[in-house]
Amino acid sequence: MSRERRGTARDLPDPSAGYTLRDMVSGFGGRLRDGELGSLPVVVGLVVIAVLFQALNPRFLAPGNLVNLTLQAAPLGVIALGVVVVLLVAQIDLSVGSVSGLASAVVGVAAMRLQWPLLVGIAAAIAAGAAIGAFYGFLLTRFGVPSFLITLAGLLGFLGVQLVLLGPSGSINIPFSNPLVQFANTWFLPPWAAYVIAGVAAMGVLGAGLARRRRRLRAQLPAEHPSVSIVKAVLLLGVLCLAVWYLSLDRGTAVMPVLFLLLVVAISYLLRRTRWGRSVFAVGGNPDAARRAGLPVTRTLVTAFMICSAFAALGGVLQAARLGSATTLTGSADTNLNAIAAAIIGGTSLFGGRGGAWSAVLGVLVISAISSGLTLLNLDSSVRYMVTGAVLLLAVIVDSLSRRSRASRGRA
Amino acid sequence: MANAPILEMRGITKRFPGVVALSDVSMTVTRGEIHAICGENGAGKSTLMKVLSGVYPYGTYEGEIIYEGEEVRFSDTKQSESAGIAIIHQELALIPQLSITENLFLGNEISRFGTIDWVASQKRARELLDLVGLHEDPDALIRTLGVGKQQLVEIAKALHKDVKLLILDEPTAALNEAESQHLLDLLTGFKASGMTAILISHKLNEVQRVADSITIIRDGKTVETLDVTAGGVDEDRIIRGMVGRSLESRFPQRTPRIGETFFEVRNWTVQHPVDPDRLVCKDESFYVRRGEIVGFAGLMGAGRTELAMSVFGRSYGTYLGGEIIKDGRPIQITNVHEAIENGMGYVSEDRKTLGLNLLDTVKRATVSARLEKISRAGVVDELKEYQIAEEYRQALRIKANSVDEGVSKLSGGNQQKVVLAKWMFTDPELLILDEPTRGIDVGAKYEIYNIINQLAAQGKGIVLISSELPELLGMSDRIYTIFEGQITNVLPAEQADPESLMVSMTSTRRTRQAA
Amino acid sequence: MAATDDRLEPVVSMRAISKSFGHVQALRNVDLDLYRGEVVALVGDNGAGKSTLVKVLAGVHAPDAGTITFRGRIVSIPSPAASRELGIATVFQDLALCDNLDVVANLFLGHELGRGSLDEETMEQRSWELLRRLSARIPSVRMPVATLSGGQRQTVAIARSLIGDPTVVILDEPTAALGVAQTAEVLNLIELLRDQGHCVVLISHNMADVQAVADRVIVLRLGRVNGRFRAPELSYEDIIASITGVLNLEEGTPEDDPRERLPDGPARPLRSPGGSTPAGDAEGGAR
Amino acid sequence: MSKFSDGMRTLTGGRGLSQYSMIIALVAIILVFEIWTGGYTLDPTNVINMVQQYSYILILAIGMVMLIIAGHIDLSVGSVAAFVGIVVAQSMAVWHLPAGLAMLLGLVVGALVGAWQGFWVAYVRVPAFIVTLAGQLIFRGANQVVGNSTAVPTPDSYNWIGNGFLPDFGPDFGYSNPTLILGLVVIAALIWKEVHDRRKRVRMGASPQPVWVSVVRLVLLCGITIFATFLFATGRVGTSFPIVGIIAGVLILVYSFVTSSTVFGRHIYAVGGNASAAVLSGVKSRGVNFLLMMNMSILAAVAGMVFVGNAQASGPFDGTGWELDAIAAVFVGGAAIFGGVGTVAGSIIGAFVMAFLANGLSLLGLDASWVSIIRGLVLLAAVAFDVYNKTQGRPSIIGLLLGGFRRKKPNITEEAIQAQPQGLEKPSGDQVDKVPLS
């Protein structure tokens with residue numbers, strides 16, 4: 001999936017040379033030399049992780065484990081996707097864990113105790129998340145309280161609300177028969193459907209590429225040679241089909257990760273192709289310039305926080321669905337850090353304005369792969385904590401250093 | 001002018017917590033004259049007028065006010081208004097969303113049987129507007145008028161209240177010349193019809209033109225009252241009264257005693273901190289002698305500050321090359337701490353973001369650049385700190401209630417003095433002053449010049465960076481000019497004039513070569 | 001004001017503009033006329049009021065007194081947005097670019113094209129057109145602005161100001177941060193703008209630059225106009241003398257009579273080739 | 001507590017409101033819980049328990065306030081404390097280190113952890129909150145690795161630092177003698193300090209405060225001390241003033257002195273108040289940041305060791321949420337979110353507020369969920385109070401909600417120069433100045 005990213009309009013190589021496959025490769029090489037590494041280190045890291053764990057435990061790359069990994073990664077990925085948006089506007093939300101926990105509790109209470117229709121419960125949970133985000137955005141834009149402090153208070157406060165909702169027993173079980181749980185655990189695409197989706201995705205890439213080429217030619221702009229789109233689509237198709245085939249050796253392609261990828265595509269579209277997305281990047285890059293250009297800075301900040309909290313809530317719902325219960329532990333401990341770490345590892349800058357929706361996918365794959373590998377090795381959560389923490393620190397250090405080197409080269 | 005005085009203020013003293021704003025001020029205003037009050041900012045003019053108009057009620061000040069022959073004790077502005085005293089403040093008290101008529105009669109509506117008589121109001125409004133020479137539709141909204149016209153509305157409003165004594169606080173500050181002229185003519189016209197006016201103004205030419213007598217206030221005290229009608233009062237005379245000295249000596253006299261060269265910068269080259277394509281200092285060299293004041297002239301952005309800061313412990317940009325030679329041997333200075341230890345000091349042009357921690361008190365700020373001097377084993381001797389700060393406070397005449405006062409509460413001039421004190425305390429041999437008098441009162445400027453001269457007399461080398469050419473010409477012994485990061489010229493002060501400097505400040509060409 | 005040719009009619013005329021900040025009077029009774037197809041340089045000592053004057057036009061400061069006439073209509077410019085709407089574009093010294101965004105995104109920041117989803121192609125095409133019109137040497141419009149050099153960034157900022165096809169372009173110290181080659185680039189650009197019928201107001205400290213491109217030089221001193229010079233008779237010494245106040249040319253200098261400008265007027269095309277500036281067309285049509 | 005007076009005499013002037021309001025908040029909280037719990041809050045047993053149980057907040061708040069003054073924060077203190085705790089416990093259990101040596105080891109480990117985090121913050125300039133966020137995870141994990149995710153008991157020889165008391169001696173009056181003596185010493189110290197301060201002010205030539213102020217302050221402080229002394233002296237037989245209290249007290253005294261009277265202390269305030277001005281005054285800000293991060297971790301180590309001693313075992317979930325207690329204590333204690341403002345004394349009062357709150361709520365049997373909500377709200381309220389105090393015109397809350405309040409960095413423009421603070425004289429324009437020029 002990561003290949004498609006390179007094809008988006010933003011990263012096109014030098015147009016004066018025309019767009020052919022060779023340019024694409026050489027442009028990529030040029031960026032590498034410039035130190036604009038993009039997602040390469042993460043992809044390499046992912047491969048290293050895979051090889052390492054496979055060597056230590058051959059079950060790591062077994063289809064069964066990979067299916068589990070996709071299921072495990074999806075809820076966290078959804079949360080990380082929200083964090084990406086907030087990071088892009090150069091803010092942070094430390095409370096995504098608590099908010100996801102709260103949302104899982106809301107769904108549990110609504111569905112089991114109050115016997116509300118399931119969808120209403122889910123909607124209530126997401127609405128609660130959005131409301132929390134709006135509250136953060138309001139405090140930030142109206143009072144100027146730094147976001148990490150507001151959300152630190154939120155981390156504590158909403159954890160409490162979660163516990164209150166769950167009541168003294170500390171957990172609400174959602175029976176396995178509940179569609180929500182089934183969705184998260186047993187809904188798998190039939191193989192043909194998975195292949196169809198892979199095909200549609202590839203066709204989509206191809207179609208989008210060709211349509212863009214047509215529009216660019218009409219606008220008398222240099223455009224990629226059709227071969228570029230075709231190769232990209234074929235590659236994508238190949239990769240996806242391989243993945244679907246491999247997963248189908250076990251239970252197959254689950255619905256939940258597909259939902260996550262759909263959300264990523266949607267957010268990616270919003271970020272790259274709409275005014276709102278443009279103002280997100282502008283606000284994150286240079287709020288002053290954004291304000292002077294007449295962009296709605298306050299609105300952008302508030303919506304970014306709302307999206308973040310709403311996605312955190314959705315992630316919490318999925319987590320509860322996957323576990324079949326909403327407990328005091330949902331969203332606790334490392335969810336927060338995993339989500340933030342995933343976003344930063346995937347390449348979204350802590351300092352705003354750089355990154356994209358796909359970084360949530362990459363980051364969450366890294367985090368989930370590590371945690372799954374460590375679990376396979378029978379190393380307990382403690383080591384996982386340490387490794388995640390170290391990876392987060394590493395990502396932030398890389399981010400800080402590259403920012404400084406950009407600054408020293410006049411590319412602040 | 002043998003009329004009886006309409007107003008006499010005797011021995012007015014007004015205290016604010018910790019400050020005496022007015023001490024024993026007396027003035028007499030003759031009926032039918034225009035009486036001007038002059039003084040520097042903060043001299044107490046506005047306070048005096050607030051006492052008169054009842055903003056500060058009777059009892060909060062000492063002294064007596066005799067108006068129309070009897071002592072009055074206003075407890076609010078309403079009372080003074082009904083006595084016929086109207087004050088027009090700098091900030092106009094008009095409501096922009098209402099019409100001229102509505103504003104004119106605000107609080108004094110012309111009413112019949114409890115309802116506002118709009119017909120009569122309109123008529124009266126037209127009369128009043130005619131009186132002040134404002135030809136506007138009385139229904140026009142205030143916000144559609146310019147400041148000058150609003151001022152006239154304000155005056156018309158006062159006229160409606162049957163005013164005997166009109167006080168104008170800086171009426172022409174915001175007006176252009178034509179409008180000012182009109183206003184002053186109006187005043188003279190009113191005088192002819194027997195009204196008395198008190199005019200507070202900074203514009204001495206106006207004052208000189210329309211006033212019959214001038215009371216000068218300095219530091220909350222009446223200095224003198226000049227009778228303009230008697231002649232011999234010109235702007236210089238007024239200024240002398242205001243600042244307490246003649247203005248020929250805007251820059252205090254000093255006999256330079258210049259010693260040997262002790263500080264030299266050679267081939268100094270610095271790169272812009274983020275843009276590597278840019279050099280902010282290109283191979284620059286200069287030197288400073290003991291007891292010498294060296295001026296640096298350049299337009300904003302020419303690289304004066306960049307040069308100074310990069311020399312001062314490389315606190316700006318990326319150092320590329322060049323050396324600093326002190327007392328004949330090269331020294332390595334890589335950070336500010338070393339710069340201070342090597343006897344350098346730098347007073348920033350931006351005292352709020354680079355010069356002071358605004359959360360500090362005067363005493364903490366004073367010692368902050370050289371804490372080692374008053375500490376033993378890392379422990380600050382608070383007694384010494386207090387004494388030193390107090391010493392500087394008195395020596396530099398820093399106006400603060402005590403050295404425990406927060407610097408954020410001080411005025412710009414006094415903040416600047418604190419910054420100066422802070423650097424004097426480090427006992428530098430070379431003191432770089434970057435725009436030391438920007439945004440500062442004339443009086444305070446003079447004091448700062450005095451301090452600079454004293455420092456030079458002690459044998460310190462002073463680098464004075466300034467945007468004001470008269471200041472550079474008046475203070476320096478030698479002047480370097482900088483243009484686009486390069487030193488383009490150097491002139492002894494006596495050979496320099498504004499044009500020759502400006503030429504070198506705006507191009508690389510050199511008019512005259514000098515040592 | 002009887003002239004029929006729009007070249008003879010000032011686009012902007014400021015009359016008796018005064019502005020004070022507290023007790024500091026930054027502008028006193030300043031008159032200024034701006035015409036299409038000329039470069040007007042504002043020069044003066046530090047604190048002479050150049051920036052304040054420009055900020056009045058840019059809608060940052062409201063004048064305390066005086067009138068601004070824009071194409072014969074008295075206008076007030078209460079906000080930067082209003083200034084842009086009138087067709088006055090200002091490029092301040094800090095450029096206000098978003099370094100993380102590419103050139104196209106920066107050019108159209110706040111004025112993106114496309115309904116719902118952004119019309120990247122049209123924006124890119126327009127960007128190329130614009131940059132080509134400015135003969136800008138920018139390797140790719142899809143590069144983040146952070147990777148451009150100082151001169152290129154200045155070009156992008158100027159190009160951005162041209163998006164709404166303004167009549168008046170104000171440049172505040174455009175060459176202050178640039179090297180020699182880049183300065184030349186920007187100066188060329190300024191001449192290009194003039195030739196395309198814009199009125200360029202240039203604030204500069206660099207007399208060489210001013211002499212190179214300015215048609216008229218207005219000297220401000222202590223908030224007043226202290227001298228007006230026209231291109232053929234620009235004398236460096238006079239300008240300096242006027243800046244320092246030795247010379248006071250304001251009294252006795254005739255207010256810029258358009259007829260005097262006419263002889264060297266036709267030498268320059270006053271509209272962009274093909275008369276494609278909509279603003280010019282609108283004005284022509286109105287008459 | 002003798003630095004109480006320092007808290008009142010605010011360092012910064014003008015922030016008196018928040019300084020006094022937190023004392024009022026403390027008294028109010030104590031009174032409310034005293035009533036709700038039917039007088040149990042101020043029962044000697046409870047007070048002794050509370051000191052032993054919550055002294056970690058006091059210790060952490062000291063380090064945290066210094067960090068926050070300098071403009072940083074540490075979110076890892078809980079994990080670091082737990083990590084150090086388990087290291088100490090294991091070193092005694094596995095290597096059979098004597099208690100003293102184990103404590104020393106704990107301090108060294110704390111210092112190393114601090115150096116690690118400080119390096120990233122000070123020299124690589126990664127924001128502290130994210131470094132310590134990673135640290136939170138890393139050291140939590142490290143704790144569980146070292147302790148195999150189980151609780152490790154600690155020997156009695158060690159536990160006295162957590163739950164020990166001053167040894168009793170002398171004749172039995174029904175009170176604990178050492179506590180009485182300690183109380184007397186404190187009172188003597190208070191009186192000496194007051195006299196000393198007055199004398200110092202006289203020598204400075206400054207007008208000393210009126211005598212009645214000194215007397216009232218002394219009476220109040222001594223009253224509190226006597227009250228506290230009797231509380232601690234009348235506890236169960238065998239109890240007296242806890243060792244933990246002594247440790248916390250010594251740390252408070254030392255760090256109050258460091259922050260208020262040493263060069264290093266001044267540098268902390270300088271870096272937090274205006275970092276660029278500090279650098280231009282010769283402050284080595286990177287060194288200051290590094291030392292502060294390191295100091296925080298050392299104090300976290302102390303807090304962890306004390307806690308382990310009290311619990312008599314080090315567990316895998318020790319220290320969760322401590323960072324929030326400490327941060328809330330600091331902000332309740334009047335520190336500013338943008339740095340430069342705050343005192344150790346204030347933070348100690350804030351820490352007492354948090355401790356009484358936690359203790360009171362648990363006495364009331366409120367469950368963890370509500371405690372968590374309330375603590376979050378307290379943090380938010382403290383931060384909001386600071387932001388509210390900072391707004392220049394002090395508009396009403398409503399005005400703040402509706403109006404266009406924007407925080408602006410001071411930028412020097414013509415207007416800004418004009419709008420300088422109103423002091424004794426207004427900064428002038430150069431109106432007069434320009435007359436002779438033209």
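Atom set for the values below is all heavy atoms of this structure, side chains included, hydrogens, waters and symmetry mates excluded. Since we're looking at a predicted model, the values are computed, not measured. Chain letters run A, B, ... following the sequence lines, proteins first and then strands; every chain starts at 1.
- Just one of A:Leu271, A:Val265, A:Val84 meets the side chain to side chain contact (heavy atoms under 4.5 Å, CB included) condition when paired with A:Trp358; it is A:Val265.
- Proximity to chain A (any heavy atom under 4.5 Å) is restricted, for C:Arg84, to the side chain, taken from C-beta onward.
- The parts of C:Leu109 that come within reach of chain A are both its backbone and its side chain, each placing non-hydrogen atoms under 4.5 angstrom from that chain.
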Stepwise side-chain hydrogen bond (donor to acceptor under 3.5 Å, both in side chains) test for A:Trp276 and A:Thr300: CA-CA 7 Å; A:Trp276 175 78; A:Thr300 307; 5.3 Å; no
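- Between C:Val60 and C:Thr52 there is no side-chain heavy-atom pair separated by less than 4.5 Å.
- Top candidate by heavy-atom pairs under 4.5 Å with chain C, chosen from A:Gly284, A:Ala293, A:Gly352, A:Gly277, is A:Ala293.
- Side-chain contact between A:Phe260 and A:Val361 is present, with at least one heavy-atom pair separated by less than 4.5 Å.
- Your options are C:Ala81, C:Ala105, C:Ser117, C:Pro80, and the one with the most heavy-atom pairs under 4.5 Å with chain A is C:Ser117.
- Heavy atoms of C:Leu113 lying under 4.5 Å from chain A belong exclusively to its backbone.
- No part of C:Phe108 comes within reach of chain A, as not one of its non-hydrogen atoms sits under 4.5 angstrom from that chain.
- A search for salt bridge (Lys or Arg N to Asp or Glu O under 4.0 Å) contacts involving C:Arg160 returns nothing, not counting sequence neighbours.
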